[in-house]
Amino acid sequence: MKKKAFTQGFWRYVVDSSSLINIEKNESVRALELRKGAILISERVAYEVADDPKILKTDPLRKFVSGNPQVITQFQDNEEEEYLRILRQQGIDPGEASVMAIALKRRLPLVIDERDTKATGKANNHGIKTLSWQKFLRES
Amino acid sequence: MINNLKRRESVIIGAQLGKARGLLQLVPEEVAPELNVTPQELLNWEEERSQPTLKQLEELARLYGREIDYFLRETPPPPKGIQFRGKPGQSLKKLSKETKIVLARFDELCRTALEFDNLLNKEREVKLPHFEESVHPKTAARSLREEFDAGDKPLSDLREQLEGKGVRIFELPVPEDAFSGFSFGHSEYGPCILLNASELKGRRNFTLAHELAHLLYDHGSSLCYIPLKFGEHLGDLEYKANQVAIELLLPELGVVEDFKKRNLSRTPSENQLAYMAYRKWGVSAQALGYRLENLGLIKRGYTDTLLEIKPHFRGKKGPRTPGWKKQLGTQFVETTLEAYEKGMISAGKVASGLGITIREAMKEIDQRSKQQS
């Protein structure tokens, strides 16, 4: 029980691509730097916001992710299966499905762009606690 | 990373793996080495005796030109019995891997478009006429022009007109100029046309009209290479489709009147011909040249003395539309953004549907919401 509390206390938030991009647009990548120990992103999200060759090398988010590889997490245990199960549903893309699977299995809150009603609704349907990127920044 | 997905519940649909490979006409021996597995292992996945790892599934998606979700859901069957109406000896088997991937991407675009239509409960009504083989191309073209209310004027918005009639039209760059266009009538997608985005706009427009003719005459799935020199046509059906395209895009009365108004000689300069072709009629200079020859307005054989004429006059002023938007077409882009707005798809799905980065997708979403407010 103690171990679980520690894990949750250390890795506190899973963040999706839209939220990270909104944070970057809000010129708040520094807030991510300050909380780099408290955020997790999937490999797929890392690709979408940083590793995709179409993204400029000077991009602040790209710099953040490449400078802090510890924020990227791989799937564990049965998260792969959960990921595919979520992805099978219509209207969700691999990036969102991957963070949802991680948040669901590790029981972590998911930072999400709440304007994205499809992703938010889907996450809530799975019982994932969500919070907006603005709230995440306020809590930082 | 977990290496093997457990078998207790089959998340990956084996038949979909087989279907994706089948469209590309790849044998297990060709695919297996790319994944460092045996051909039998690949067949085991397709028969659901075992399942690939996520990494292997992602690699299969890349090799087959599919999104991962293609392997997780039953999808409509791809077009069958493709007729190769272009380069001699061409067949699906002989197409390069890269060209076959383009066909798979086209199928994915049609599938995505159908998925978004279904999510939005949009009934796609197909309002295209059908012609018996005995109907003369001129008659078919005239009937279409009447339907488009085009008179003898240029059909500058043929793509939009056809999309309005339920035809799904996409453009993708085709490697090695392997084909100009591909069309098929599908039981679920409806009529679909793919154009080679690497060709110039005038040629693409001609190909669109050419492929339309194949659909109207029910010529089946047609993959066509339309040579620049019209004399090189292969077979009666190609000749017929070209005739419909010429009559549709270059109506005799309108072209004769325009030619006379321009006071052109029987050997107009390349630039004069290109300007009239691209700017006014939306076709290549070659297509217009052959039409003018047939109408007796320019010297016979003159067009063949010209190489592929590329327009070198300035384009129209104003903000440029990004290439991906032109290739996907306004209707598909609008449907995608509408599906997001109505909470049917996520932002990431907008990006994957439009084939752009999530940053670009969010920019499009923001622009649309600004326009609407």
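Computed over heavy atoms, backbone and side chain alike; hydrogens, waters and symmetry mates excluded. Because the structure is predicted, anything quoted here is derived from the model rather than measured.
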Nearest 0.5 Å please: distance from the CD atom of E43(A) over to the CD atom of E58(B).
8.0 Å
Which distance, rounded to the nearest 0.5 Å, do you find between the OG of S346(B) and the CD1 of I92(A)?
4.5 Å
Is it true that R359(B) and E48(A) make a salt bridge, defined as a side-chain N closer than 4.0 Å to a carboxylate O?
no
Could you tell me the separation between the OH atom of Y340(B) and the OG1 atom of T117(A), rounded to the nearest 0.5 Å?
6.5 Å
Between K55(B) and E80(A), is there a side-chain N and carboxylate O pair less than 4.0 Å apart?
no
Do K349(B) and K118(A) come close enough that some side-chain heavy atom pair is under 4.5 Å?
no
Is the number of heavy atoms from other residues, nucleotides or ligands under 6.0 Å of Q372(B) CD greater than 12?
yes
Heavy atoms of other groups near E123(B) CD, more than 12 under 6.0 Å:
no
Closest contact, heavy atoms only, D366(B) versus R115(A):
OD1-NH1, 2.8 Å
Using the rule given for side chain to side chain contact (heavy atoms under 4.5 Å, CB included), can you reason through L84(A) versus I68(B), listing the C-alpha separation, both sets of side-chain angles and the distance that settles it, and then say yes or no?
CA-CA 9 Å; L84(A) 292 177; I68(B) 295 181; 4.3 Å; yes
Roughly how far apart are S98(A) OG and L54(B) CG, rounded to 0.5 Å?
9.5 Å
Out of curiosity, I345(B) CD1 to Q90(A) CD, how far, rounded to the nearest 0.5 Å?
11.0 Å
NZ/K25(A): more than 12 non-hydrogen atoms of other groups inside 6.0 Å
yes
I want to check something: taking the side chain as every heavy atom from C-beta on, are R88(A) and D69(B) in contact at a cut-off of under 4.5 Å?
no
Okay, side chain of E96(A), backbone of G348(B): is any donor-acceptor separation there less than 3.5 Å?
yes
CZ of R73(B) to CG of L87(A): how many Å apart, nearest 0.5 Å?
7.5 Å
With only heavy atoms counted, which part of K122(A) is less than 4.5 Å from chain B, the side chain, the backbone, both or neither?
neither
Should we count NZ of K97(B) as having more than 12 external heavy atoms under 6.0 Å?
no
Is atom NZ of K57(A) surrounded by more than 12 heavy atoms (other residues, nucleotides or ligands) closer than 6.0 Å?
no
Show your working on side chain to side chain contact (heavy atoms under 4.5 Å, CB included) between I358(B) and D52(A) and close with a plain yes or no.
CA-CA 10 Å; I358(B) 193 153; D52(A) 187 334; over 6 Å; no
Under 4.5 Å between any side-chain heavy atoms of N22(A) and M362(B), yes or no?
yes
Is chain B contacted by the side chain of E24(A), its backbone, both, or neither, given a heavy-atom distance below 4.5 Å?
side chain
